Amino acid sequence: MNAPDTLSRWTRPGSSRVPFWAYTAPQLYREELQKIFYGPHWCYVGLEIEVPNPGDFRLTWVGERQVIMVRDRFGDKGIRVVENRCAHRGVRFCQQPHGNARSWTCPYHQWTYKLDGELAGLPFKNGVKDGEQVNGGMPADFDVKQHGLTQLRVAVLHGLVFATFSDSVEPLEDYLGPQILPWLERIFRGRQLTLLGYNRQRIPGNWKLMMENIKDPYHPGLLHTWFVTFGLWRADQKSRMVLDDAGRHAVMISRRNDGGENKAVTQGVTSFKANMTLADPRILDVVPEPWWKVPDPSKPGAEIMPSVTMVTLFPSLIIQQQVNSLSTRHIVPRGEGEFDFVWTHFGFADDSEEMQRRRLRQANLFGPAGFVSADDGEVIAFSQDGFRQWGEEGETLCELGGTGTGGTEHMVTETLIRSMYAYWRKVMGV
Amino acid sequence: MKEELLLQLEIDQLNARYAAVLDERRFDEWPEFFLPEGRYQVQARENFDRGLPLALIAMESQGMMKDRVYGITQTIFHGPYYTRHVLSPAQLLAQDGGRIRAQAHYAVFRTRPGDASEVYNVGRYVDEIERTPQGLRFASRLCVYDSEMVLNSLIYPI
């Protein structure tokens, strides 16, 4: 007998109500791994500067599969991504989080692979001689070429490394789309990055809640005191919500203002602290950088100079520029109710010492302990708790700015969330 | 030798008071353990070992610490929790001039209302301490934590 189909169907038109089962159903989550993370999507695995020299590697993730990002010693010395799973008996053979390697050897039976994953050799392949006779060995038709590590397709864009298990996904630049690319180029194109370090947090919520959080311009000026009080993100700022054609990626763009009182956006907002001042204001020592200003991609001839761009690349990457603080945030799902969130902070090789210190100071706003971002992990956990306690029949309401999808020239909208779920419904067939 | 033992005892007492202030949630007293230009950092061991400068929390003055206290008591939305610090005896590393270098190991447990206690953050304090007329003060306290994952958020000081 087949197991009963426990998945509810999406009963309403559109994507402005998201059923709780989208966050809590284990079977659906297994399908998400197959159709999204291991399907025709590009997943972020790291920054090129993390593996600068031939043989440099680091462990990273595509969905729940651990993979190794490594710079090859041969050919174009390009970046390869292979699955950390021996083709022989399935062992996750590499246990060092980062390092430098000449080849991969599984400790169990010494199967050895080239850095690009091709099987180089294995002990006793041709058997062991005992006098005249040869004992054992692999079958005569054993073909080493058929038994390498899983090799992922790799694409590097301005120092960002993406990989996919899919043979069919379109080239990365097409996958991201012409609306999104200018906002990646603004930060990354032609720049040598400097790695500042990592922060890692384990968040007890569904992975999509993190994507939603950074597609939700409604909450920052309400949940985050620092944003509303100091004008880093709030509803009276000039803003724009940008989407790719599929609705899966987005950029939230805004320009900071002076903060302070504006009854339209601060009255009754308990997180707004009118009289809050900093004893040491160096954390908010914001200095505009020349690269912030770019030709406006949607208004030929005009220029635009945002102070914040939050990029969400479906399914698992967030790129943050909030004033002088820059990071990638990688979502690593761990079941339907939990994910790891890995922050990689970076600067630029030509940063002055002062600028690097400024980026590090402003990092106090972000990450698992950040004045701003700590809030986000907490509300995500409480969201998941709410879904779980009610059961699958509940739904979230995302109707700020209507029920449609598409970009806007303001932030008083939940359009980016609706757009992502419109795409997600298509991929998941619900 | 006797002098060193006394100093060790003095640092252990400093650490005990420090832990009590945090576990008893007397956060306003926390910045007082530092010199006015004292530094306080909580840093993942991964960054520390590799010489990467990013820290989870990086405060460069008592003023920043006061701002952090305002943050944890007034602005950072979070589920409340208790901490319990369990500390090792201090290990004296060096003394040069008025500056004492020491380290101690810590384990911090977290207990949320209605929940069991859990291991929250484990690491070591790497300290630079100065003697002032008011007693020993931290010129720098660096908390290097082994824990590879922060359990969602880290709000209160370690």
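All chains are named by letter (A, B, ...) in the order of the sequence lines, taking the proteins before the strands, and each is independently numbered beginning at 1. We use all heavy atoms of the structure for the numbers below, so side chains are in, but hydrogens, waters and symmetry mates are not. This is a predicted model, so every value here is computed, not measured.
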- Task: Measure His224(A) against the heavy atoms of chain B and call it side chain, backbone, both or neither at under 4.5 Å.
- Result: neither
- Message: Testing the basics here: between Met149(B) and Arg202(A), what is the closest heavy-atom pair and its distance to 0.1 Å?
- Response: CG-NH2, 3.8 Å
- Item | Check: Gln201(A) side chain, Asn152(B) main-chain N or O, donor-acceptor pair, under 3.5 Å | yes
- Query: Given that the side chain runs from C-beta out, which part of Trp343(A) has a heavy atom under 4.5 Å from chain B: side chain, backbone, both or neither?
  - Reply: neither
- Residue from Leu151(B), Val150(B), Ile155(B) scoring the most non-hydrogen pairs under 4.5 Å with chain A is Val150(B)
- Atom pair OG1/OH of Thr277(A) and Tyr70(B) - distance to nearest 0.5 Å: 8.5 Å
- Task: Heavy atoms only, distances under 4.5 angstrom: which of Glu148(B), Lys66(B), Gln43(B), Arg50(B) has the most pairs with chain A? Name it, please.
- Result: Arg50(B)
- Given that the side chain runs from C-beta out, which part of Gln62(B) has a heavy atom under 4.5 Å from chain A: side chain, backbone, both or neither? neither
- Task: Could you list which of residues 355-390 of chain A have a heavy atom closer than 4.5 Å to any heavy atom of chain B, in residue-number order?
- Result: Gln356(A), Arg357(A), Leu360(A), Arg361(A), Ala363(A), Asn364(A), Pro368(A), Ala369(A), Gly370(A), Phe371(A), Ala374(A), Asp375(A), Gly377(A), Glu378(A), Val379(A), Ala381(A), Phe382(A)
- When the 4.5 angstrom heavy-atom criterion is applied to Ile76(B) and chain A, the contacting part is both
- Of all heavy-atom pairs between Gly63(B) and Asp280(A), which one has the smallest distance, and what is that distance? C-CB, 3.9 Å
- Query: At their closest point, which heavy atom of Asn47(B) faces which heavy atom of Tyr198(A), and how far apart are they?
  - Reply: ND2-O, 2.7 Å
- Give, as side chain, backbone, both or neither, the part of Thr194(A) having an atom under 4.5 angstrom from any heavy atom of chain B. neither
- Message: Give me the atom names and distance for the closest heavy-atom approach of Tyr145(B) to Asn199(A).
- Response: OH-OD1, 4.1 Å
- Note on the structure: Rounded to the nearest 0.5 angstrom, the CG-CZ distance for Leu52(B) and Phe346(A) is 14.5 Å
